[in-house]
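This structure is in structure tokens; I'll ask about it shortly.
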Amino acid sequence: FDCVFYVSSKKEVWLQTFAQIGLQEHTGSGIGNLTVLINGYNEFNNTDIIKGKLKDFIMDIGFNGICEFDLKYDVRDGKFKVFEINPRQARSSYYLTKCGYNLAKCLVDDLIYNESREFVFIDKKVALSFVPSFVVRIKIKDKRYKKEFFRLKRAKQFTNPLDYENDSSRKRKIWLFKRGINYI
């Protein structure tokens with residue numbers, strides 16, 4: 001699971017997400033990074049407790065800025081386990097922009113405009129993928145997860161941060177094609 005926070009310089013938690021990871025990198029340079037996730041999707045029902053604990057923890061330690069929690073769900077005891085906290089924006093955090101929340105704008109609004117905001121838990125369903133659909137189709141075994149991923153993709157509630165329509169040069173298209181082939 002992936003949980004992102006923005007905490008202002010005034011120690012106000014502005015936003016939090018909770019996304020279920022579908023696939024992780026297996027390339028030599030990318031091991032540990034996620035390649036597919038769905039925000040607002042969770043096949044386990046007890047996330048309210050962990051979401052609250054993470055928010056309390058981040059406030060208790062006096063953190064401010066952007067951070068991302070990496071979690072796993074342990075089916076043996078029905079609890080979430082925190083693996084790490086990254087005190088930065090992760091490459092996968094781009095899905096927040098598709099949800100309508102730009103982390104760079106949060107920084108500017110906080111540090112330059114000195115704004116305050118009410119807390120929002122972002123539960124909008126959005127899929128993110130760095131890999132071709134073919135890889136999702138053959139590598140994700142959870143049928144419900146896969147079905148939801150493709151439903152969101154068809155509904156245009158999907159993003160791939162590497163697909164940028166304003167950078168459609170031939171060289172970039174070839175690079176993206178080769179990258180996709182390497183995943184297959």
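As the structure is a prediction and not an experimental result, all values here were calculated from the model.
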hydrophobic_cluster_shared for F83 and L34, side chain cutoff 4.5 Å: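 No, no single cluster joins them.
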
Validation row, ring centre Y73 to ring centre F1 under 6.0 Å: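 Aromatic pair excluded; centres sit 6.0 Å or further apart.
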
Electrostatic pair K79-D77, nearest N-O below 4.0 angstrom: no

Passing candidate, side chain to side chain donor-acceptor pair (under 3.5 Å) with E148, options K146, R151, R144: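 Going through K146, R151, R144 one by one, the side chain to side chain donor-acceptor pair (under 3.5 Å) with E148 is satisfied by R151 alone.
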
Q157 and K125: CA distance, side-chain angles, deciding distance, side-chain contact (heavy atoms from CB on, under 4.5 Å) verdict: CA-CA 7 Å; Q157 292 304 310; K125 282 192 175 180; over 6 Å; no

Residues forming a ring pair (Phe, Tyr, Trp, His ring centres under 6.0 Å) with Y6, sequence neighbours excluded: W14

V136 side chain near F149 side chain, heavy-atom distance below 4.5 Å: yes

Flag, side chain of K141 to backbone of I138, donor-acceptor distance under 3.5 Å: yes

Value rounded to 0.5 Å, distance of OG in S93 from CD in E68: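 Taking OG in S93 and CD in E68, the distance rounds to 5.5 Å.
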
Test item: T17 side-chain N/O and V4 main-chain N/O as donor-acceptor pair under 3.5 Å: yes

Atom NZ of K147: over 12 foreign heavy atoms under 6.0 Å: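 No, not enclosed.
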
NZ/K98: more than 12 non-hydrogen atoms of other groups inside 6.0 Å: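 Yes, the 6.0 Å shell around NZ holds more than 12 heavy atoms from other groups.
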
K124 NZ/CZ over Y95 ring centroid, <6.0 Å and within 45° of normal: no

Within 45° cone of F121 ring axis and under 6.0 Å: K51 NZ or CZ: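 Yes, a cation-pi geometry.
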
Separation of Y145 OH from I38 CD1 (nearest 0.5 Å):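 Result: 4.0 Å between the selected atoms.
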
Any side-chain heavy-atom pair of I58 and V7 under 4.5 Å: yes

Student check: side-chain heavy atoms of Q16 and K55 closer than 4.5 Å: yes

Side chain R179, main chain F130, donor-acceptor under 3.5 Å: yes

Nearest non-hydrogen partners of I140 and G22, listed with the distance: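 Result for this residue pair: CG1-O, 3.9 Å.
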
Over 12 foreign heavy atoms within 6.0 Å of CZ, F177: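 12 or below, so no.
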
Minimum side-chain heavy-atom gap V108-Y113 below 4.5 Å: yes

Candidate list I50, I122, D48, test side chain to side chain contact (heavy atoms under 4.5 Å, CB included), partner F18, passing option: I50

Separation between NZ of K81 and CG of D70, rounded to the nearest 0.5 Å: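 Rounded to the nearest 0.5 Å, the NZ-CG separation comes to 15.0 Å.
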
E84 CD: over 12 foreign heavy atoms closer than 6.0 Å: yes

Ionic contact status for R91 with E25, cut-off 4.0 Å: yes

R137 to F150, cation-pi by 6.0 Å centre distance and 45° axis angle: yes

Nearest heavy atoms of Q24 and K72, plus distance in Å: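 Here Q24 and K72 meet closest at OE1-NZ, 3.2 Å.
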
Heavy-atom check, side chain of S116 versus side chain of K10, under 4.5 Å: yes

Closest contact, heavy atoms only, D2 versus S92: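 Heavy atoms only, the tightest pair is OD1-OG, 4.1 Å.
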
Point-to-point distance, once rounded to the nearest 0.5 Å, from OG1 of T159 to CG of L96: 11.0 Å

Side chains of R117 and C106 in contact at under 4.5 Å (non-hydrogen atoms): yes

I66 with Y101, same ILVMFWY side-chain cluster at under 4.5 Å: yes

Heavy-atom side-chain contact between N86 and C67 under 4.5 Å: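 A side-chain contact is absent here, since even the closest heavy-atom pair is not under 4.5 Å.
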
Aromatic ring proximity F57/F63, centre distance under 6.0 Å: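 No; F63 has its ring centre 6.0 Å or more from that of F57.
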
Steps toward side-chain hydrogen bond (donor to acceptor under 3.5 Å, both in side chains) verdict (N160, S129): CA-CA 5 Å; N160 178 339; S129 177; 5.6 Å; no

For the student: nearest non-hydrogen atoms of S8 and D110, plus distance: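 So the two residues come closest at CA-OD2, 3.2 Å.
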
Hydrophobic cluster membership, V126 vs F5, 4.5 Å side-chain cutoff: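 Unlinked, V126 and F5 end up in two clusters.
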
side-chain contact (heavy atoms from CB on, under 4.5 Å) assessment of V36 paired with I21: CA-CA 6 Å; V36 176; I21 297 169; over 6 Å; no

Gap separating the CG atom of L162 from the CZ atom of R172, nearest 0.5 angstrom: 6.0 Å

ILVMFWY network linking L71 to L23, side-chain heavy atoms under 4.5 angstrom: no

Hydrophobic cluster identity match, F134 and F158, side-chain contacts under 4.5 Å: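 Linked, F134 and F158 end up in one cluster.
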
Value rounded to 0.5 Å, distance of CG in N114 from CD1 in I112: 11.0 Å

Q20 and L37: CA distance, side-chain angles, deciding distance, side-chain contact (heavy atoms from CB on, under 4.5 Å) verdict: CA-CA 6 Å; Q20 186 168 334; L37 68 68; over 6 Å; no

